[in-house]
Amino acid sequence: MPESLQQFFEARRQSVRKAREFATRALDGWGPTSRTEDIRLCVSELATNAVLHGTARGHGFLVRLDIDDNCVRLEVHDSRRQQPVVREPTATDISGRGLTLVAALSDEWGVTDRTPLGKVIWSCFKTADDAAQSISPPVPNYDDRPLEVR
């Protein structure tokens with residue numbers, strides 16, 4: 001049965017930590033998942049982007065988590081329509097890796113417009129059960145000879 005939790009945050013740097021703590025409580029309440037740390041890191045990255053780039057003056061951001069039998073969906077709603085850009089930072093850049101991390105850690109992600117204003121950046125994380133089903137079973141080894149050590 002699908003479940004959803006959401007919380008609104010002010011557009012302040014301290015809210016990134018609070019958003020991560022919200023996600024941790026939600027995920028812990030739903031039970032263990034092998035993707036918890038990936039989701040927490042993506043919450044941090046997307047909340048940071050919302051604070052720094054996505055919120056208009058006087059607006060905050062919303063973090064929403066949905067879980068069902070197949071995946072956990074993370075959404076961060078903010079108040080600006082400006083589409084985020086995945087950057088390719090150099091080794092010496094101190095920022096610009098957030099969306100690259102989200103793309104690498106999630107199974108899918110994207111951006112949709114929000115009515116009446118803003119956007120939703122979302123990412124999906126397959127649950128362990130779903131991921132295990134998509135992996136091919138190992139090929140059995142019928143060769144019973146011991147390995148030769150040289």
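Every heavy atom of this structure was used, including side-chain atoms; hydrogens, water molecules and symmetry mates were not. Quantities reported herein were computed from a predicted structural model and do not represent experimental measurements.
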Heavy-atom closest pair, residues [X] and [Y]:
X: Asp69; Y: Thr127; value: O-OG1, 3.4 Å
X: Thr48; Y: Ser44; value: OG1-O, 2.7 Å
X: Val43; Y: Ala23; value: CG2-CB, 3.8 Å
X: Ala56; Y: Ser79; value: N-OG, 2.7 Å
X: Ala26; Y: Leu65; value: CB-CD1, 3.8 Å
X: Arg97; Y: Ala91; value: NH2-O, 3.8 Å

Nearest 0.5 angstrom please: [X] [atom1] to [Y] [atom2], how far?
X: Thr36; Y: Trp30; atom1: OG1; atom2: CH2; result: 10.5 Å
X: Asp107; Y: Arg73; atom1: CG; atom2: CZ; result: 13.0 Å
X: Leu74; Y: Cys42; atom1: CG; atom2: SG; result: 7.0 Å
X: Leu101; Y: Trp109; atom1: CG; atom2: CH2; result: 11.5 Å
X: Phe125; Y: Glu108; atom1: CZ; atom2: CD; result: 11.0 Å
X: Leu46; Y: Ile39; atom1: CG; atom2: CD1; result: 12.0 Å

Side chain to side chain, Leu52 and Arg13, heavy atoms closer than 4.5 Å: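 When only atoms from C-beta onward are counted, Arg13 and Leu52 do touch, with a gap below 4.5 Å.
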When you compare the side chain of Pro84 with that of Ile121, does any pair of heavy atoms fall below 4.5 Å?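 The answer is yes, as the side chains (C-beta and beyond) meet within the 4.5 Å cut-off.
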Shared hydrophobic cluster, Trp122 / Val76 (ILVMFWY, side-chain heavy atoms < 4.5 Å):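 No.
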Please determine whether the number of non-hydrogen atoms from other residues, nucleotides or ligands lying under 6.0 Å from atom [atom1] of [X] exceeds 12.
X: Glu88; atom1: CD; answer: no
X: Gln14; atom1: CD; answer: yes
X: Glu21; atom1: CD; answer: yes

For [X] and [Y], indicate whether the former's side chain and the latter's backbone hold a donor-acceptor pair under 3.5 Å.
X: Asp38; Y: Leu41; result: no
X: Arg81; Y: Arg114; result: yes
X: Lys119; Y: Arg80; result: yes
X: Ser15; Y: Ala11; result: no

With sequence neighbours excluded, give me every side-chain hydrogen bond (donor to acceptor under 3.5 Å, both in side chains) pair touching residues 56-67.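 For residues 56-67: Ser4-Arg64, Ser4-Asp66, Gln6-Arg64, Arg64-Asp66.
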From CA spacing to verdict: side chain to side chain contact (heavy atoms under 4.5 Å, CB included), Leu27, Val72: CA-CA 9 Å; Leu27 295 166; Val72 174; 4.2 Å; yes
Could you work out the complete set of other residues in the hydrophobic cluster of Phe8, with links drawn between I, L, V, M, F, W and Y side chains under 4.5 Å apart?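 Its cluster mates, by chain and number, are Leu62.
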Salt-bridge criterion met for Glu37 and Arg40 (N-O under 4.0 Å):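 Counted as a salt bridge, because a side-chain N and a carboxylate O are separated by less than 4.0 Å.
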Val51 vs Phe9, test: side chain to side chain contact (heavy atoms under 4.5 Å, CB included). Steps then yes/no. CA-CA 10 Å; Val51 169; Phe9 299 91; over 6 Å; no
Applying the side-chain contact (heavy atoms from CB on, under 4.5 Å) criterion to Asp78, which one of Thr55, Val120, Leu117 satisfies it?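 Of all the options given, the one that passes is Thr55.
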Hey, mind stepping through Phe22 and Leu5 against side chain to side chain contact (heavy atoms under 4.5 Å, CB included) and telling me if it holds? CA-CA 9 Å; Phe22 159 74; Leu5 291 171; 4.0 Å; yes
